[in-house]
Amino acid sequence: MMNVTIWNELSTGLQEYLKSSNENVKVFKIPPQKSNFDCIVIEEIANQKKEKTTCGLEQIDELGYEINIFIASNGATTEEMILSKDSRYSALCDKFMSRKGFIRTSSNPTPNIDKTIFRRTMRYSGKVKINTGKII
């Protein structure tokens, strides 16, 4: 079962963090059905019961999140502008996720079917104490 509480906290928190950094980019939990670019999609990709501590008093689950950054080139945007946005967005996402206790496991440009859209995929992992909701 997905840990919706943490997922909601991350998506809402990331949206607020980007706004406070003066970046005009939307954050979604599922890919938007209409063109909404530039945008960031954060998805839970792993949620495993991992271990229990002494006497089974605490349960720790392992979580994984994927962040996809989509930037439209729309013909008027240069490669430098796209890479500049990618650098800013990915750095902000990385800083936010690190502060939340997650470790980045990968960050790569991802081939996209629509060649007018640049895409970067970043993956993060972390552990959460189920009884407290604390990320460790």
Side-chain angles (χ1 to χ4, degrees):
M1 184 170 130
M2 292 189 296
N3 193 319
V4 178
T5 304
I6 292 175
W7 193 12
N8 287 337
E9 178 186 321
L10 290 173
S11 63
T12 303
L14 182 57
Q15 180 71 64
E16 292 303 314
Y17 184 70
L18 289 165
K19 275 185 190 176
S20 71
S21 300
N22 296 320
E23 295 294 348
N24 187 24
V25 59
K26 290 265 189 203
V27 176
F28 298 96
K29 288 184 3 183
I30 60 171
Q33 300 304 305
K34 296 180 182 177
S35 298
N36 275 315
F37 300 106
D38 301 340
C39 73
I40 294 172
V41 178
I42 182 169
E43 299 176 271
E44 185 176 80
I45 57 171
N47 189 330
Q48 301 173 333
K49 286 189 182 229
K50 202 63 177 168
E51 54 194 81
K52 290 185 179 180
T53 59
T54 311
C55 301
L57 296 176
E58 274 188 327
Q59 181 179 321
I60 297 172
D61 285 358
E62 194 164 300
L63 301 176
Y65 287 91
E66 181 176 276
I67 293 177
N68 281 287
I69 299 169
F70 296 93
I71 302 169
S73 63
N74 68 19
T77 307
T78 66
E79 183 177 329
E80 280 181 11
M81 291 173 73
I82 291 169
L83 294 176
S84 175
K85 284 183 177 183
D86 172 47
S87 178
R88 288 193 322 268
Y89 296 165
S90 58
L92 287 167
C93 289
D94 198 46
K95 191 172 185 179
F96 174 80
M97 293 298 283
S98 294
R99 286 182 176 174
K100 289 294 183 180
F102 287 88
I103 297 168
R104 181 172 30 88
T105 58
S106 68
S107 175
N108 297 298
T110 306
N112 204 33
I113 292 172
D114 183 345
K115 301 294 183 199
T116 65
I117 307 296
F118 174 86
R119 177 179 170 199
R120 172 172 297 279
T121 302
M122 303 171 77
R123 290 192 172 178
Y124 294 86
S125 65
K127 295 180 181 186
V128 62
K129 291 182 179 182
I130 294 304
N131 59 333
T132 63
K134 182 175 173 149
I135 299 165
I136 54 171

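Nothing here was measured: the structure is a model prediction, and the numbers come from that model.
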Partners meeting side-chain hydrogen bond (donor to acceptor under 3.5 Å, both in side chains) with S84 (sequence neighbours left out): R88
For T116, side-chain hydrogen bond (donor to acceptor under 3.5 Å, both in side chains) partners two or more places apart: D114
Side chain to side chain contact (heavy atoms under 4.5 Å, CB included) partners of E66, counting only residues at least two apart: E43, I45, N68, T121, R123
Non-neighbouring partners of S90 that pass side chain to side chain contact (heavy atoms under 4.5 Å, CB included), sequence neighbours left out: I69, D86, R120, M122
Main-chain N/O of A72 paired with D38 side-chain donor or acceptor, under 3.5 Å: yes
Check: W7 side chain, I42 main-chain N or O, donor-acceptor pair, under 3.5 Å: yes
Quick one: pull up [atom1] in [X] and [atom2] in [Y] and give me the separation to the nearest 0.5 Å.
{"X": "E16", "Y": "L18", "atom1": "CD", "atom2": "CG", "answer": "9.5 Å"}
{"X": "I60", "Y": "I136", "atom1": "CD1", "atom2": "CD1", "answer": "4.0 Å"}
{"X": "F70", "Y": "N112", "atom1": "CZ", "atom2": "CG", "answer": "6.0 Å"}
{"X": "K19", "Y": "K26", "atom1": "NZ", "atom2": "NZ", "answer": "6.5 Å"}
{"X": "I67", "Y": "L14", "atom1": "CD1", "atom2": "CG", "answer": "5.5 Å"}

Path from I117 to Y89 over hydrophobic side-chain contacts below 4.5 Å: no
Shared hydrophobic cluster for Y65 and Y17 (ILVMFWY, side-chain gaps under 4.5 Å): yes
Contacts table for residues 93-103: side-chain donor-acceptor under 3.5 angstrom, sequence neighbours left out:
unit_1, atom_1, unit_2, atom_2, d
D94, OD1, R104, NE, 2.9
D94, OD1, Y124, OH, 2.9
D94, OD2, R104, NH2, 3.4
S98, OG, D94, O, 2.9
K100, NZ, E9, OE2, 3.4

CG/N24: more than 12 non-hydrogen atoms of other groups inside 6.0 Å: no
Within-4.5 Å side-chain heavy-atom neighbours: F118 and S73: no
Side-chain heavy atoms of L63 within contact of I135, under 4.5 Å: no
Closest non-hydrogen atom pair, S21 against L92: OG-CD2, 3.5 Å
V41 versus P32, closest heavy-atom pair with distance: CG2-CD, 4.1 Å
Qualifying residues under salt bridge (Lys or Arg N to Asp or Glu O under 4.0 Å), relative to R119, sequence neighbours excluded: none
